[in-house]
Amino acid sequence: MKSAWLRLLAMLMLGSICAAGAGTRQWAVLGPDGGDVRSLAFDPHDPNRIFLGTSTGVIFVSEDGGHRWARFAKLGSGDDYVLDHIAVDPHNSETIFVSAWSVQDQSAGEIFRSNNGGKDWEPLSAMHGKSVRAMAVSASDPKVIVAGALDGVYRSRDGGNVWEHISDTGIKNIESIAVDPKDASVVYAGTWHLAWKTSDGGAHWQHINKGMIDDSDVFSIIVSSANSSEVFASACSGIYKSTSGGDHFEKIQGIPFSARRTRVLKQDPSNPAVVYAGTTEGLWKSVDEGKTWKHMTTSEVVVNDVLIDPRNSQRVLLATDRSGVLASDDSAATFSASNHGYSHRYVSAILPDSKEPNMLYIGVVNDREFGGVFSTHDGGKSWQQTSSGLDGRDVFTLKQASNGTLVAGTNRGLFALAPGSATWHPINNVVVVKTASHTVKLKSGKTKTVTSSSSTHSTLEGRVSDTDLASSRWFAATSVGLFTSKDQGKIWMGGPIAGQQDFVSVEAQDGLVVVATRSSVLVSQDAGTAWQPAPLASYPINVRSVTVAPDGQIFVATRQGAFHSADSGKSWDHVAAGLPDKDITSVTYDGSHKRLLATSGQTGVVFESSDGGSTWQRGPDSGFPLRRISVMHGHYVAATPFDGVIAQPENEAHSASASGGSN
C-alpha cells in the first residue's frame with residue numbers, strides 16, 4: 001500500500017505543472033475536486049480548449065472540452081485577484097486577455113495580456129490599479145477591447161496597448177459591459193445603479209433606464225447576435241428585455257423573485273432564441289427569446305458563468321460557487337460535475353487516520369452542502385464526501401479520539417463520527433451547575449450552612465475552532481467559551497474564562513493547558529482550574545494556533561510570527577532562528593520523528609526543528625501557501641487555503657522522513 005501511495009503521487013505530479021511556477025517544482029494537488037469557479041471561456045480556434053478563472057488569481061485550462069483540468073497560470077503576486085472575464089482573440093488564439101479585481105482592495109486590479117498562448121503574462125500598465133469588473137472584446141473588430149472599472153469605462157482600439165477613458169464623470173461602478181456585435185462604437189455599460197449606452201464610442205452617453213426598477217444593479221448585458229436592437233439585461237430586480245436598443249425595457253416574467261439575482265446571461269451562438277440566465281438559485285433557460293423560462297437545475301446551484309459550445313449547443317458548462325464546473329450534454333436538461341483535476345477548496349483541517357495508514361480526512365469551509373468532511377482511502381486518487389449529518393456546516397477542526405471516533409468542530413457545534421458509522425451526530429449537551437448556600441437554624445439554636453446544587457442543560461451552538469482529545473479530559477475552544485468533557489463528549493461544562501470567550505485554539509499536555517483568542521493567550525497548570533494571562537508582546541498580536549510539545553514548551557503561531565515559551569507562558573521569545581518573522585499559520589509536533597514543523601502563508605516551505613524549536617531549517621518547498629502540515633508514508637501532505645490537499649512527490653530529495661522513519 002505504501003508503494004501504491006508513492007506511485008500515485010508520481011503520476012499526479014505529471015498533471016500539476018503551473019505556467020507561472022516554472023522555477024519551483026510544485027507538489028501534486030490531490031483534491032478533493034470542485035470548489036468555486038468564477039468564469040469560463042473557450043478558444044475560438046479550438047473550442048475544446050477552455051480556460052477557467054478563479055477568485056484567487058489562478059487560471060486552469062482544459063484541452064478536452066471541460067472533462068479534465070490542469071493548473072495553467074497564476075496572475076498577480078497575491079491570492080486576492082478575482083478573474084471574472086477571460087477573452088481569447090478570435091483572430092489569434094495566442095493573444096489572451098484576463099480582467100482582475102481585488103477582494104482585499106476594491107480600488108486595485110489589472111488587465112493581463114499574454115501574446116504567446118499563456119506562457120507569459122504582462123499587466124497592461126494603463127489599466128494598473130483599476131478594479132476591472134467587466135471586459136468585452138468586439139466581435140466585429142477584435143482590436144477593440146472595452147473594460148468596465150469602478151471609475152468608469154475604458155477602451156483600447158489597438159489590442160490593449162493604449163487605453164482611453166471614454167465614459168462621463170457620473171458613470172462609475174461598472175459591473176457589466178457589452179459591445180454591439182456589428183458595430184464596435186456601440187457600447188452598453190451596466191452599473192450598480194442602472195445602465196448606460198453610447199452609440200459613438202463614448203462621445204455621448206444616454207441613461208437607458210426606462211422600464212427598469214430605479215434601484216437595479218445591472219450584472220449582465222447581452223446584445224443579440226441576430227438583431228442588435230434586441231438587448232437583455234439582468235439586475236437584482238429581475239431580467240429585462242429591450243427591442244429598441246435599450247431605449248425602453250420590459251421586465252421578463254417567469255423567473256421567481258428569489259432567483260432574480262442573475263449574475264450572467266448567455267445566448268446560444270447557434271440559436272439566438274435560446275437564452276440562459278445564471279442566477280443565485282440555479283440556471284434558467286428560455287427557448288423563445290425570453291418569453292418563457294424553465295428552471296434547469298436545483299436552487300442550491302449558484303451560477304457565475306455559462307459557456308455554450310459553439311459547435312454543439314447541447315454541450316453547456318456552468319461555472320458555479322462550491323460545486324465547481326457542471327457539464328451538460330443534453331442542452332442543460334441534466335448536469336454532472338466535471339472537475340477532474342480542478343480543486344479550489346479551503347482546507348481548514350487535515351487528519352491522517354490513527355489506525356488506517358492510507359486513510360486521510362480533511363475539513364473544508366465555505367462549501368455548504370458541497371463541503372464538510374472528505375475522506376480518501378487511496379492516497380487522494382478518489383475522495384468521498386463524509387458529511388451526512390453535518391447539514392452544510394463549515395468544519396474548522398478534525399481530531400480523532402483514542403477509540404477511533406472522529407470529532408469535528410463546526411461553525412455550529414461539535415459532531416462525532418463513530419468507527420463504522422456513516423452519519424455524524426451532535427455532541428453538544430452542555431450542563432451548567434449552579435450552587436447555592438443558605439443558613440439553617442437547628443433545634444439546638446445553632447446555625448448550619450447548607451449547600452445545594454442544581455443543573456440546567458443547554459446546547460452548544462457556537463463556532464468550535466479547535467479541540468484537544470489527547471487525554472481523559474477533552475477540551476473545546478469555541479466562540480462562547482472553553483468547554484471540557486470528562487466522558488468523551490457526552491456532557492460538556494464550561495464557558496468564558498478570565499473575561500474571555502471567543503477562543504480559537506486549545507492544546508493540553510498533562511496538567512498544562514494553553515488556550516488562545518485571536519489576541520491573547522491564557523495558561524493553566526492545573527488542568528483548567530485556574531488560569532493566568534500570558535501576554536506575548538507589547539504590541540497587538542493575531543493568533544492562529546497554539547501548540548504544547550511533550551516537554552511542556554509552548555509555541556504560538558501568529559500573523560506576527562512564532563512565539564515560544566519554556567516556562568509555562570511566564571516569558572516569551574519571538575522565534576527568529578530560521579523561521580519567517582510573520583504569517584506563521586501553524587506549528588505542530590510530529591511525534592513520529594520527534595520534531596517540530598511550521599508552515600507559513602507567505603511561502604510554501606516546510607520548516608523543521610529537531611532541537612525543540614531552538615533552531616529551524618528550511619525543508620522542501622511545496623510551491624503553495626500552507627495552512628497545516630502532516631506526514632504519511634514518509635512524505636508530507638498539506639492543507640492549503642485555496643488548492644485543496646497537496647502531497648510531496650516521491651522523488652523529492654528532501655522527504656518528510658529525512659530525520660526519522662515514516663509514520
Side-chain angles (χ1 to χ4, degrees), residues 34-44 47-62 65-67 69 72 75 81-88 96-101 103 111 132-137 147-148 174-179 190 217-223 232-236 239 259-269 274-286 296-298 300-310 313 315-328 331-332 335-339 342 344 370:
D36 291 350
V37 179
R38 294 294 298 186
S39 56
L40 295 167
F42 62 81
D43 181 346
N48 278 328
R49 194 173 199 229
I50 300 174
F51 299 99
L52 180 158
T54 71
S55 57
T56 55
V58 178
I59 300 175
F60 285 74
V61 68
S62 172
H67 295 283
W69 300 92
F72 181 65
L75 303 182
Y81 271 165
V82 180
L83 310 182
D84 274 344
H85 299 279
I86 302 171
V88 182
I96 309 170
F97 298 92
V98 181
S99 68
W101 59 276
V103 293
I111 291 181
V132 184
R133 306 302 182 94
M135 183 180 67
V137 176
I174 312 301
E175 187 69 26
S176 54
I177 287 287
V179 181
D217 299 353
V218 178
F219 303 118
S220 179
I221 301 176
I222 58 173
V223 183
F232 292 87
S234 68
C236 57
I239 299 175
R260 286 181 182 173
R261 192 172 180 85
T262 304
R263 174 165 164 71
V264 60
L265 295 170
K266 283 293 176 72
Q267 190 177 38
D268 186 335
V274 176
V275 180
Y276 291 95
T279 80
T280 53
E281 293 197 357
L283 180 73
W284 296 75
K285 178 182 179 181
S286 173
M296 308 305 293
T297 66
T298 65
E300 286 72 30
V301 177
V302 177
V303 182
N304 294 320
D305 203 358
V306 178
L307 184 147
I308 304 126
D309 192 320
S313 60
R315 177 74 172 169
V316 180
L317 300 182
L318 304 182
T320 76
D321 279 355
R322 299 186 294 275
S323 52
V325 177
L326 298 180
S328 173
S331 300
F335 282 93
S336 60
S338 189
N339 295 309
Y342 174 67
H344 195 261
F370 299 102

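Counting heavy atoms from C-beta on, the side chains of F42 and D309 never come closer than 4.5 Å. The closest side-chain heavy-atom distance from N339 to F60 is not below 4.5 Å. W69 has its side chain within reach of V325: a pair of non-hydrogen atoms, C-beta onward, lies under 4.5 Å apart. Residues I239 and V275 are not in side-chain contact: their nearest non-hydrogen atoms beyond the backbone lie 4.5 Å or more apart. No side-chain heavy atom of I174 sits less than 4.5 Å from a side-chain heavy atom of R133. Side-chain contact between P44 and V88: present, with at least one pair of heavy atoms (C-beta onward) separated by less than 4.5 Å.
Between S323 atom OG and F335 atom CZ the span is 10.5 Å, to the nearest 0.5 Å. For the atom pair CG of L40 and CG of N304, the computed distance is 9.5 Å after rounding to the nearest 0.5 Å. The CG atom of L317 lies 10.0 Å from the CG atom of D305; values are rounded to the nearest 0.5 Å. Summarising the geometry, atom CD1 belonging to I177 is positioned 7.5 Å from atom CD1 belonging to I221; distances are rounded to the nearest 0.5 Å. Here OG1 of T280 is found 11.5 Å from CD of E300. Values are rounded to the nearest 0.5 Å. Note that OG of S313 is 12.0 Å distant from CD of Q267, once rounded to the nearest 0.5 Å.
Residues V37 and A319 come closest through the heavy atom pair CG1-CB, 3.4 Å. Across all their heavy atoms, F219 and A235 have their closest contact at CE1-C, 3.7 Å. Between V306 and Y276, the closest heavy-atom pair is CG1-CB, 4.2 Å. When all heavy atoms of I308 and K266 are compared, the closest pair comes out as CD1-CB, 3.9 Å. In terms of heavy-atom proximity, H344 sits nearest to T56 at NE2-OG1, 3.2 Å. Heavy atoms only, all atoms of each residue included: L75 and Y81 are closest at O-CD1, 4.0 Å.
Here R261 does not pair with D217 in a salt bridge; the nearest charged N to carboxylate O distance is not below 4.0 Å. Comment: K285 does not engage D268 in a salt bridge, judged by the lack of any side-chain N to carboxylate O separation of less than 4.0 angstrom.
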Audit row: R38, D84, side chain to side chain contact (heavy atoms under 4.5 Å, CB included) steps and yes/no: CA-CA 6 Å; R38 294 294 298 186; D84 274 344; 2.8 Å; yes
Verdict with supporting geometry, V218 and E175, side chain to side chain contact (heavy atoms under 4.5 Å, CB included): CA-CA 7 Å; V218 178; E175 187 69 26; over 6 Å; no
Side chain to side chain contact (heavy atoms under 4.5 Å, CB included) evaluation trace for V303 with W284: CA-CA 10 Å; V303 182; W284 296 75; over 6 Å; no
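With hydrogens and angles ignored, the 3.5 Å screen pairs a side-chain donor or acceptor of T297 with a backbone N or O of L283. In this structure, S39 contributes its side chain and I86 its backbone to no donor-acceptor pair below 3.5 Å. With T320 contributing its side chain and V301 its backbone, the two residues share no donor-acceptor pair below 3.5 Å. Of the possible polar contacts, none joining the T262 side chain to the A277 backbone as a donor-acceptor pair under 3.5 Å is found.
Partners of R322 by salt bridge (Lys or Arg N to Asp or Glu O under 4.0 Å), not counting sequence neighbours: none found. Applying the side chain to side chain donor-acceptor pair (under 3.5 Å) rule to S338 yields no partners; only residues at least two apart in sequence or on another chain are considered. Residues satisfying the salt bridge (Lys or Arg N to Asp or Glu O under 4.0 Å) test with D36, not counting sequence neighbours, are none.
Using bins of under 30°, 30° to 60° and over 60° for the plane-to-plane angle, the ring pair F72/F51 lands in the tilted bin.
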